[in-house]
Amino acid sequence: MISAVPGVSVFDDWFANFWVVLVVKAAAVLVFFLVAPLLVGYMEHKVLAHMQARLGPMYAGRFHGWAQLVADGAKFIQKEDVIPAAADRWVFSLAPAVALIPYIVLFVVVPFSNTIYAENLDIGIFFVMAIGSVNVIGVLMAGWSSANKFSLIGALRAAAQLIAYELPLVLAAASVVMQAGTLSLIGITEAQDRYWFVLTQPIGFLIFMVASLAELTRPPFDMPIADSEIIFGAYTEYTGLKFAFFLLTEYGGIVALSSIASILFLGGYRGFLGIPDPLWMAAKIGALSFVVIWLRATYPRLREDQLQRFSWLALIPLALLQILVVGFVKVAVG
Amino acid sequence: MSETSSRLDLEHVDPDEVREETMIINMGPQHPSTHGVLRLLLELDGENVVSCQPIVGYLHTGIEKNCEYRTWQQGVAYVTRADYLAPFFNELGYCLAAERLLGIEAPPRAQVLRVLFCEMNRIASHLVWPATTGMELGAISMMLYGFREREVILDVFEAATGLRMNHSYFRIGGVIMDLPPDGPAQIREFLRVMPGRIREYERILSENPIWLERNRGVGHLSADRALAFGVTGPMLRAAGVARDVRKDEPYCGYETYEFGVPTASEGDCYARYLVRVEEMKQSLGIVEQCLDRLAEPGPVMVEDPKLRWPAQLEVGPDGIGNSPAYVRHIMEESMEALIHHFKMVTEGISVPAGEVYQPVESPRGELGYYLVSDGGHRPYRVKIRDPSFVNLQAVPAMLEGALVADAIAVIASVDPVMGGVDR
């Protein structure tokens with residue numbers, strides 16, 4: 001069934017008509033995006049629960065609460081869609097979509113094997129970095145339009161955080177690109193045929209993971225939504241489906257950045273033991289998502305100024321150093 | 001109000017003028033981390049706190065005033081609801097004060113039981129502290145661990161008093177009944193498990209770099225300022241002053257127990273954390289000593305029938321109640337017993353005229369009961385000096401030059417219980 005021609009997407013192989021391929025690809029990406037975050041969300045429920053000496057969801061769907069997030073989704077749909085009287089209605093309504101769509105689009109370039117992907121862009125990683133940072137505009141819009149002081153503080157924190165952490169993220173990715181010699185995600189994966197880049201660039205990997213957490217505003221970098229300080233940051237005024245979109249953005253973001261991290265540093269879909277490539281990719285995404293959840297159970301929240309200091313004084317110099325080392329080695333060896 | 005609103009002149013606003021203004025934010029009374037219904041009026045310049053005004057009164061229940069309209073014995077059931085995380089301490093303060101007016105003392109076994117329950121209660125209260133603080137600083141696991149261990153203590157309380165909170169277990173003249181037969185074994189099991197659990201918390205928090213970043217040097221309060229504000233308890237001891245009512249003005253025979261008064265010198269949120277963890281360990285030691293002393297049986301209530309509660313109570317399925325045997329006794333067997341019961345329950349005891357101030361060391365500091373009697377069947381005045389209320393005064397001082405996130409850490413380090421603050 002699956003095409004045996006490496007470098008050609010199965011979707012292009014199966015369907016000849018351009019429009020059919022387009023629709024099928026869009027549908028495939030959307031379905032993946034709607035399923036994977038639910039799995040990660042469920043994993044967070046259960047992993048966090050067991051780390052905290054409790055059970056987590058147990059009833060929905062009868063078997064260990066597997067349908068909890070489906071039930072949550074059904075609940076969110078039923079909720080009243082409240083827009084505050086003082087809110088900027090259009091901006092307020094658009095914000096969840098602006099936050100969510102970039103992460104959907106991002107999966108267009110994520111390969112699950114050398115044939116299972118939607119598009120193989122030559123500027124793959126550049127595209128990922130560019131589209132990934134659009135998300136914060138949605139958060140800013142949400143915070144500004146809510147007409148709520150807590151939302152505004154949360155949005156500004158999110159923006160400051162993005163500026164501080166986009167840089168180390170890009171720098172860490174850049175040093176991988178330098179070593180691989182290509183921007184294409186499949187190219188980067190194939191460049192790791194002998195060893196994973198995490199072996200040559202362990203610091204880069206750590207920087208990338210930390211910066212990803214900060215981009216996702218996941219604990220310990222969740223000040224933009226710090227519920228104990230600013231209620232729920234930019235999302236304070238959101239209810240129902242709009243709020244659900246923001247939640248989906250968060251879990252979609254975990255999947256997205258785990259995918260990118262596994263492609264850049266863990267050899268993407270490349271594996272061994274004869275296990276099919278897509279399973280390797282899924283396993284790596286799952287493992288990194290687990291780490292993201294694990295950190296939430298372990299660490300308290302940093303303070304806004306400490307977060308900034310950490311980025312500018314630790315992560316960025318280290319990332320620059322990493323680039324320097326890769327550059328030297330590249331010139332010396334190659 | 002005037003101090004905080006002076007920077008905002010809303011009546012003369014020119015829309016074209018470019019202005020820099022501070023943001024007034026109401027944190028609370030409904031807010032995820034204000035420990036109930038504390039309201040903080042914060043003036044923010046970006047993330048910086050310019051000024052802070054704690055506003056209290058949202059949980060006012062009129063406990064002090066209500067006590068004036070109830071008999072002396074009924075007061076216990078009111079005051080136990082003031083600082084609801086430390087119910088035994090409120091009961092103890094009230095009972096000790098009333099006993100001093102009466103010139104009586106509870107039997108030795110009752111004193112040991114009082115110490116035992118107070119120290120268990122101190123541990124339970126100190127467990128809520130890292131639990132809520134953990135939640136507020138984002139260490140949500142700590143919240144569940146804290147409440148998990150507190151649950152074990154509450155189980156002990158429930159077995160002994162019928163209730164998990166608001167026990168009304170201490171009464172004027174002693175305690176309402178002895179420990180259940182399996183009580184000591186239950187407590188020993190807790191003593192066996194708990195030290196390991198405390199080590200677990202220390203492993204999670206003490207060396208956690210983010211926990212250190214968030215607490216060290218935050219909310220500093222020097223010993224001088226703490227004393228000037230009347231701050232007591234772990235907050236004062238964290239500033240280096242070894243003030244502890246149990247040592248300085250012993251009651252219930254605390255002078256005969258071996259325990260240390262942990263102090264720290266830094267006076268910041270982290271020092272308060274260290275002091276509280278150490279206090280839990282000391283309390284475990286005191287509980288152990290209490291259990292050893294409980295080996296000898298004895299009365300738990302004074303013998304004087306004009307003072308002791310007439311009913312024999314026991315823990316039933318729905319809390320404490322009159323035992324069926326006693327109900328049969330007064331209803332079917334003895335008219336005199338019924339008359340006595342009726343007089344004691346409706347009229348109550350009379351307490352000689354006078355006034356007394358009795359402090360006890362609650363988990364939050366010096367909890368004082370000032371009782372005035374005019375010689376009647378009801379208190380003339382009940383005044384509670386609640387440590388949460390006094391300690392909250394120091395919050396603006398601790399927030400000088402702080403950030404919003406520090407406000408949360410500082411409030412958490414005060415460990416206020418609004419039930420006690422507003423009474």
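Chain letters run A, B, ... following the sequence lines, proteins first and then strands; every chain starts at 1.
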Single hit among B:V417, B:D422, B:I411 for side chain to side chain contact (heavy atoms under 4.5 Å, CB included) with B:L38: B:I411
Side-chain H-bond candidate by donor/acceptor type, B:Y273 with B:T133, under 3.5 Å: no
Distance-only side-chain donor-acceptor flag, B:N26 / B:R39, under 3.5 Å: yes
Contact residues of residues 305-319 of chain A (partner chain B; heavy-atom separation under 4.5 angstrom): A:D305, A:Q306, A:R309
Residues in residues 212-221 of chain B near chain A [non-hydrogen atoms, under 4.5 Å]: B:E213, B:R214, B:V218
Engaged part of B:N48 at the chain A interface, taking heavy atoms whose separation is under 4.5 Å: neither
Donor-acceptor contact below 3.5 Å, side chain B:S125 vs main chain B:N121: no
Side-chain heavy atoms of A:L48 within contact of A:M43, under 4.5 Å: no
Donor-acceptor contact below 3.5 Å, side chain B:S206 vs main chain B:R203: no
Qualifying residue for side chain to side chain contact (heavy atoms under 4.5 Å, CB included) with B:P234, from B:V414, B:V275, B:D415: B:V275
Salt bridge flag under 4.0 Å for residues B:E279 and B:R272: no
Neighbour count above 12 (heavy atom, 6.0 Å) for A:Y299 OH: no
B:L44 portion near chain A, given a 4.5 angstrom heavy-atom threshold: side chain
Chain B contact residues among residues 153-171 of chain A, heavy-atom distance under 4.5 Å: A:I153, A:R157
A:T239 side chain vs A:E80 backbone, donor-acceptor pair below 3.5 Å: yes
Residues, nucleotides or ligands: over 12 heavy atoms within 6.0 Å of B:F190 CZ: yes
Over 12 non-hydrogen atoms of neighbours within 6.0 angstrom of CZ in B:F389: no
When A:R303, A:M223, A:R54, A:R296 are compared by non-hydrogen pairs under 4.5 Å with chain B, the top option: A:R303
Residue-level contacts of residues 146-154 of chain B with chain A, using a heavy-atom cutoff under 4.5 Å: B:R148
A:R218/A:E44 ion pair, N-O < 4.0 Å: yes
Heavy-atom proximity to chain A below 4.5 Å, by part of B:M135: backbone
B:L403, part contacting chain A, at a heavy-atom distance under 4.5 Å: side chain
